[in-house]
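Worksheet: one structure, shown below.
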Amino acid sequence: MTTAQKTKLMNLPEEDLTILNSPIGIKYLFSDRKTDVEKALRMAKYEIQLKELQAELIQLQNWVITNNKKIVIIFEGRDAAGKGGAIRRFTAHINPRHFRILALPKPTIEEEGQWYFQRYVNQLPKPGEIVFFDRSWYNRAVVEPVNGFCTTRQYKTFMGQVNDFERMILESDTYLMKFYFSITKEEQDRRFKDIKSSPLKKWKMTKVDERAQELWDEYTKYKLKMFEHTNTKTAPWIIIEADKKTKARVEAIQHVLNTIPYQEKD
C-alpha cells in the first residue's frame, strides 16, 4: 500500500474504517494487487447494502407465498444493459420453488400462428409466485421492428393491444412492474468489447447484438414510441440509469420493496 493510500485510510471516518476492517472490506482491499481504498470502500458498502435488500426480498417472497399473491417483473433495455445481472441479484437468496426467470426463445411455428400474447399468458405467475421476464412481450415494441422480425401491421396491432393486455393482468390481482435499464452508447460499446474479449462471456454475443451500435438511433426511435404509448398511470415504466451496474441493481430492488405493500417491512 502506498503512502497516499495509507493517508486516505487514516483520514476516513470511523464508520468507513469499521467497514474496511470487516471481512467484506478486507476482501475488497486485497482483491487487486494495487490497493484502491475508495473502490474497496464503495464495493464493500454495495455488498452490505445488497445483502440487506436481499434479506428484505425474502420477507417479500414470504408474504407472496403466504397470501397467494402474484408478481410480474419485466426487465427491458438495450443489449448488454445488465438485465440478467440484476435479475440474478433479485433471485440469489429467495426460494427457487416460488419464482421463475423467463427469457423466451424465438417463437415456434405454432406460436407464430397464435395471438401474440398467448405464449406470455401461459407463463404468468400462479398464486404465491414471482415471475421475472428477461425481456418480455415488449420485444415487439422495439427489437422486432428495428430488426425486421415483424411486419408493420403486427407492430401496430401490438401497440393497440398491449395496454389492454396489461390492464387485464393488473385486474387479475397481479402486481406488474416494468423496468427499463438505460445505458449510453459508449457504455454499451465498452461492454460489448469486454464480452468479445472474454472466453467466458463471448457466447452471449448474438447477430442482433452485433448490429446494436449500428442501429442505435433506430432503437432510440422505437424506445421513445414505446414509452410514449405504454407508460400508463397503472403500469408505468421505471427507468433505471444503468451505466453503473451496482447502483442500478440496488435501485431496482429498492423500487420493488418500496412499491409492493408487503407486511413485513424493515
Quick one, [X] and [Y] - any side-chain contact, counting heavy atoms below 4.5 Å?
X: F117; Y: F158; result: yes
X: L124; Y: T174; result: no
X: K126; Y: K70; result: no
X: V256; Y: I73; result: yes
X: M177; Y: H255; result: yes
X: R78; Y: Q213; result: no
X: T108; Y: E111; result: yes

> Going through the checks in order, is the side-chain contact (heavy atoms from CB on, under 4.5 Å) test met by W203 and I195?
Replying inline: CA-CA 8 Å; W203 62 270; I195 290 170; over 6 Å; no

Do the side chain of [X] and the main chain of [Y] share a donor and acceptor less than 3.5 angstrom apart?
X: K185; Y: D217; answer: no
X: N231; Y: F227; answer: no
X: N67; Y: K69; answer: no
X: N163; Y: H229; answer: yes
X: R100; Y: Q123; answer: yes
X: D209; Y: T206; answer: yes

Hey, quick one: are [X] and [Y] part of the same hydrophobic cluster, counting side-chain heavy atoms closer than 4.5 Å, chains of contacts allowed?
X: W115; Y: F149; answer: yes
X: I260; Y: L170; answer: no
X: I74; Y: L257; answer: no
X: V162; Y: V72; answer: yes
X: Y222; Y: F179; answer: no

Would you call [X] and [Y] a salt bridge, taking side-chain N to carboxylate O under 4.0 Å as the test?
X: K193; Y: D189; result: yes
X: E76; Y: K83; result: no
X: D194; Y: K201; result: yes

Could you measure the distance from the [atom1] atom of [X] to the [atom2] atom of [Y]? Nearest 0.5 Å is fine.
X: E129; Y: N68; atom1: CD; atom2: CG; value: 11.5 Å
X: D164; Y: T232; atom1: CG; atom2: OG1; value: 10.5 Å
X: I130; Y: L60; atom1: CD1; atom2: CG; value: 5.0 Å
X: C150; Y: K156; atom1: SG; atom2: NZ; value: 11.5 Å
X: Q61; Y: I71; atom1: CD; atom2: CD1; value: 9.0 Å
X: I183; Y: K245; atom1: CD1; atom2: NZ; value: 9.0 Å

If you take all heavy atoms of [X] and [Y], which pair is closest and at what distance?
X: P199; Y: S197; answer: CD-O, 3.6 Å
X: R140; Y: P145; answer: O-CD, 3.3 Å
X: R191; Y: E187; answer: NE-OE2, 2.7 Å
X: F90; Y: L57; answer: O-CD1, 3.5 Å
X: A80; Y: F192; answer: CB-CE2, 3.8 Å
X: A141; Y: M159; answer: CB-SD, 4.3 Å

> Taking atom types as modelled and ignoring hydrogens, do the side chains of Q54 and R89 form a donor-acceptor contact shorter than 3.5 angstrom?
Replying inline: no

Do [X] and [Y] have their ring centres less than 6.0 Å from each other?
X: Y120; Y: F165; value: no
X: F75; Y: Y180; value: no
X: W137; Y: Y116; value: no

>> Among residues at least two apart in sequence or on other chains, which ones pass side chain to side chain contact (heavy atoms under 4.5 Å, CB included) with T246?
In response: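 Side chain to side chain contact (heavy atoms under 4.5 Å, CB included) check on T246 returns M43, Y46.
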
>> The criterion is side chain to side chain contact (heavy atoms under 4.5 Å, CB included); which residues satisfy it with K196, sequence neighbours excluded?
In response: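 K196: side chain to side chain contact (heavy atoms under 4.5 Å, CB included) contacts with M205, E210.
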
> Under the salt bridge (charged side-chain N to carboxylate O under 4.0 Å, His left out) criterion, do R135 and D79 qualify, and how do the steps go?
Replying inline: CA-CA 10 Å; R135 292 202 182 276; D79 299 313; 2.9 Å; yes

>> Test side-chain contact (heavy atoms from CB on, under 4.5 Å) on T151 and Q154; report intermediate values, then the result.
In response: CA-CA 5 Å; T151 65; Q154 288 172 327; 3.2 Å; yes

>> With a sphere of 6.0 Å drawn around CD of E112, does it hold more than 12 non-hydrogen atoms of other residues, nucleotides or ligands?
In response: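 Enclosed: over 12 neighbouring heavy atoms sit under 6.0 Å from CD of E112.
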
>> Taking NZ in K225 as the centre, count heavy atoms belonging to other residues, nucleotides or ligands within less than 6.0 Å. Is the count above 12?
In response: yes

>> Walk me through whether V64 and Y175 qualify under side-chain contact (heavy atoms from CB on, under 4.5 Å).
In response: CA-CA 11 Å; V64 169; Y175 291 95; over 6 Å; no

> Is it true that the NZ or CZ of R211 lies under 6.0 Å from the centre of W216's six-membered ring and within 45 degrees of the ring axis?
Replying inline: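 No.
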
> Does the salt bridge (charged side-chain N to carboxylate O under 4.0 Å, His left out) test come out yes or no for E166 and K178, once each step is laid out?
Replying inline: CA-CA 11 Å; E166 292 178 357; K178 304 187 302 190; 3.0 Å; yes

>> Set out, in order, the CA-CA distance, both residues' side-chain angles and the distance that settles ring pair (Phe, Tyr, Trp, His ring centres under 6.0 Å) for Y138 and F133, then state yes or no.
In response: CA-CA 10 Å; Y138 280 104; F133 280 96; over 10 Å; no

Report all side-chain donor-acceptor pairs from residues 235-243 shorter than 3.5 Å, counting only partners two or more places apart or in another chain.
unit_1: W237; atom_1: NE1; unit_2: T230; atom_2: OG1; d: 2.8
unit_1: D243; atom_1: OD1; unit_2: T184; atom_2: N; d: 3.1
unit_1: D243; atom_1: OD2; unit_2: T184; atom_2: OG1; d: 3.1

> Would K221 and E218 satisfy side-chain contact (heavy atoms from CB on, under 4.5 Å), going step by step from the backbone distance to the final call?
Replying inline: CA-CA 5 Å; K221 181 176 76 174; E218 278 295 293; 3.4 Å; yes

> For E38 and R42, what are the C-alpha separation, side-chain angles and deciding distance, and is it a salt bridge (charged side-chain N to carboxylate O under 4.0 Å, His left out)?
Replying inline: CA-CA 6 Å; E38 291 178 354; R42 183 174 69 252; 5.9 Å; no

> Does the side chain to side chain donor-acceptor pair (under 3.5 Å) test come out yes or no for E56 and Y262, once each step is laid out?
Replying inline: CA-CA 10 Å; E56 199 66 26; Y262 68 102; 2.7 Å; yes

>> Using salt bridge (charged side-chain N to carboxylate O under 4.0 Å, His left out), reason through E186 and R190 one step at a time and then give a plain yes or no.
In response: CA-CA 6 Å; E186 293 73 22; R190 188 193 67 77; over 6 Å; no

